[in-house]
There are 2 protein chains.
Amino acid sequence: MYAQAATVIAHRPAAPIPAMCKGMARDTVSRVSGVGLLQNVPADTALFAEGDDADNVYEVVRGMLKFYKLLPDGRRQIMGFLSAGDLVGLSFTGIHTYSAEAVTDVTLCRYSRASFDRLVDEVPGFARRLLAVRSDELRAAQDQMLLLGRKMSVEKIATFLLMLADRQNDAQDVIDVPMGRNDIADYLGLTTETVCRTVSKLKSLGIIRAISATKIKLLNRDRLEELAVGENNNDL
Amino acid sequence: MYAQAATVIAHRPAAPIPAMCKGMARDTVSRVSGVGLLQNVPADTALFAEGDDADNVYEVVRGMLKFYKLLPDGRRQIMGFLSAGDLVGLSFTGIHTYSAEAVTDVTLCRYSRASFDRLVDEVPGFARRLLAVRSDELRAAQDQMLLLGRKMSVEKIATFLLMLADRQNDAQDVIDVPMGRNDIADYLGLTTETVCRTVSKLKSLGIIRAISATKIKLLNRDRLEELAVGENNNDL
DNA sequence: CGCAAACTTGATGTTGCTCAAGCTAGGTGG
DNA sequence: CCACCTAGCTTGAGCAACATCAAGTTTGCG
């Protein structure tokens, strides 16, 4: 099920400033913010697939997306989850190198490739800003390579929970986990069952508590931070 | 052992064009090529470490570098190997997020951060070019995430050998493997022993042949390409 | 309230890791 | 020039972490 062009709502209202423009001059930001189209996408809807023409670039306004790669036999690696302010679909080859899909209902701001390219060329500082954005994406990808290649399941889960907490920045350390166990597994290079078991283990150790199906409270963030980098976890 | 500033040889001669300028206008390229300093670094020398101030950016002119991240207990993930034309050390936070070390004797072209920043701001198209470079680094990192999270050891080794072959583009499919088994293991999320065993298995299957310690000939590239994505490898 | 999908837990299996012991090749000194 | 020596490579045996297969159990939705 693909998102249809018919789901476009309206041109972006003047107020919300594209997050990708952070740090740019005010008059140049207005050049960017007029170009995008707001668009709603329901949960579990594909936005595009690996190999598709990269006709559009999207900024997430609300909700959560995932993007992933597949092997021929169906094994899947989720490269990341994206929320408000994140950019997706920006390709320089013209072909998407991964698939993207809505985790929750999502609102996007869509830019056509042509108009986006024009912005890169004509808006002063825009290319440089995108370079900073992309550099941060790369840094995150490299952190994830360390996780996938060298961390054990407890370390992976601890790292994942802390990442969610850091993004949401809730004072009570109650985090929302909108994605399913299977998505978490495919993000961390584990199976659904191992994710379950490892989360259960953290519960029984009193480090986290399940508030509801999609809400987890971090009871001992310091311990979680130790576990995330493999310190003092000999006993587990 | 750190590389010393004393190893600087000379300003880059006029002839060699920085690879990072590929596709840029001729007159702007000359603005870049005058700024760098050539520098030799012997094998197994650290260039910088994670956490260091990112004072310099380097382009590899000759030889091979590796860059990696460590966990507190010493587990290591090599994020990549870099050869002629690759850029290393470009950070926007001012702090290196990984360590870098020479695999072979290496010649680098060094740019101070200050002068590099000036080029980004002043040379038309330079930020855009770096954006393309960084996008390709990101794409490679995402391929590697798929490998680390979801591929089996045979698929990892096959992918690795094909990557080396693609880079070197030798008509006889004889590839040079300058890095040690331990580096390969830390790049693929395996151990030295598993790398050895898996390479041995590919030899015994007649898919590759060892020419010398650091030279491997690909006897059946098609089979290797199947193995790399997990097709028809039920029997292994 | 019932149903299906997702989650959880348990039993068993397999891949790749750990530990251990040769082996080989390149560099050094006699 | 050759023997030695050491670091890295290779192979083997046993083991641990995680995957797979198989039941339950919970949850959210119609």
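Only a predicted model underlies this, so the values are computations on that prediction, with no experimental measurement involved.
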Using the salt bridge (Lys or Arg N to Asp or Glu O under 4.0 Å) criterion, which residues pair with [X]? Sequence neighbours excluded.
X: A:Lys201; result: none
X: A:Arg139; result: A:Asp136, A:Asp143
X: B:Arg62; result: none

Using the C1' atoms of five pairs at each end, what's the angle between the two axes of the helix from C:dC1-D:dG30 to C:dG30-D:dC1, to 10 degrees?
-> 40°
Length of the line joining [X]:[atom1] and [N]:[atom2], which is rounded to integer Å:
X: B:Lys151; N: C:dT15; atom1: NZ; atom2: C1'; result: 17 Å
X: A:Leu202; N: C:dT8; atom1: CG; atom2: C1'; result: 15 Å
X: B:Asp44; N: C:dG27; atom1: CG; atom2: P; result: 12 Å

Between A:Arg221 and A:Asp173, is a salt bridge (charged side-chain N to carboxylate O under 4.0 Å, His left out) present by the stated rule, with each step listed?
-> CA-CA 8 Å; A:Arg221 186 192 262 256; A:Asp173 276 345; 3.2 Å; yes
Upstream residue (5' side of DNA chain D) when A:Met152 and B:Lys203 are each assigned their closest nucleotide | B:Lys203
How would you give the extent of chain B contacts on DNA chain D, as first and last nucleotide 5' to 3' within a 4.0 Å heavy-atom cut-off?
-> D:dC9 to D:dA13
Geometric class of the A:Phe48/A:His96 ring pair [parallel <30°, tilted 30-60°, perpendicular >60°] | parallel
Centroid-centroid under 6.0 Å between B:Phe81 and B:Tyr187 rings | yes
Nearest 0.5 Å, what's the CD-CG distance between B:Glu225 and B:Leu161?
-> 11.5 Å
Geometric cation-pi criterion A:Arg110 and A:Tyr58, 6.0 Å radius, 45° cone = no
Evaluate side chain to side chain contact (heavy atoms under 4.5 Å, CB included) for A:Thr159 paired with A:Met163, printing each intermediate quantity in order.
-> CA-CA 6 Å; A:Thr159 307; A:Met163 179 206 70; 5.6 Å; no
Would you give a per-nucleotide map of nucleotides 17-22 of chain C, 5' to 3', where B means the base has a protein non-hydrogen atom under 4.0 Å away, S means only the sugar-phosphate does, and - means neither?
-> SBB---
Between B:Ser200 (side chain) and B:Cys196 (backbone), is there a donor-acceptor pair under 3.5 Å?
-> yes
